[in-house]
Amino acid sequence: MIEWPIDEAQGLLGPLQRVVLELKIVHKSLEATLHEGLAQTAQYADHCGADEAHLIVFDRRPGIPWDDKIWQRTEQVGSRTVGVWGM
């Protein structure tokens with residue numbers, strides 16, 4: 001989780017913006033990694049009261065073209081919107 005002050009004058013004593021960044025590496029399959037990662041990211045974001053949540057998936061499998069590895073979308077997990085990024 002990354003957090004930073006919304007009001008610079010109050011610093012960390014004032015309101016904070018919180019963003020969860022969850023990093024995963026594809027092991028079994030992209031679908032399995034997304035399924036597990038989305039649930040984990042949403043749960044963590046809800047637990048810490050994050051304003052935003054993002055799942056970043058690194059695909060190091062050989063033979064997959066870069067154009068297929070680089071993508072972005074959003075997913076809905078319960079009431080939480082998660083930004084999902086393929087790399």
Treating Ile, Leu, Val, Met, Phe, Trp and Tyr as nodes and any side-chain heavy-atom pair under 4.5 angstrom as an edge, say whether [X] and [Y] lie in one connected cluster.
| X | Y | answer |
| --- | --- | --- |
| W85 | L23 | yes |
| V57 | V20 | no |
| V77 | L55 | yes |
| I56 | I25 | yes |

Looking at [X], I want to see if its [atom1] is surrounded by more than 12 non-hydrogen atoms of other residues, nucleotides or ligands under 6.0 Å.
| X | atom1 | result |
| --- | --- | --- |
| R73 | CZ | yes |
| Q43 | CD | no |
| Q76 | CD | yes |

Contact summary for [X] and [Y], nearest pair of heavy atoms:
| X | Y | result |
| --- | --- | --- |
| G63 | P65 | O-CD, 3.5 Å |
| P5 | G11 | CB-O, 3.3 Å |
| A42 | V82 | CB-CG2, 4.4 Å |

As an exercise, state the distance from [atom1] of [X] to [atom2] of [Y], rounded to the nearest 0.5 Å.
| X | Y | atom1 | atom2 | value |
| --- | --- | --- | --- | --- |
| R80 | E52 | CZ | CD | 9.5 Å |
| I6 | D51 | CD1 | CG | 6.5 Å |
| Q72 | M87 | CD | CE | 9.5 Å |
| D7 | L16 | CG | CG | 10.5 Å |

request  = Run the numbers on R61 and L30 for side-chain contact (heavy atoms from CB on, under 4.5 Å), then give the verdict.
outcome  = CA-CA 10 Å; R61 297 174 295 170; L30 178 59; 4.2 Å; yes

Criterion side-chain contact (heavy atoms from CB on, under 4.5 Å) against E36, the qualifying member of K28, E31, K24 =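 When K28, E31, K24 are each tested with E36, the side-chain contact (heavy atoms from CB on, under 4.5 Å) holds only for K28.
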
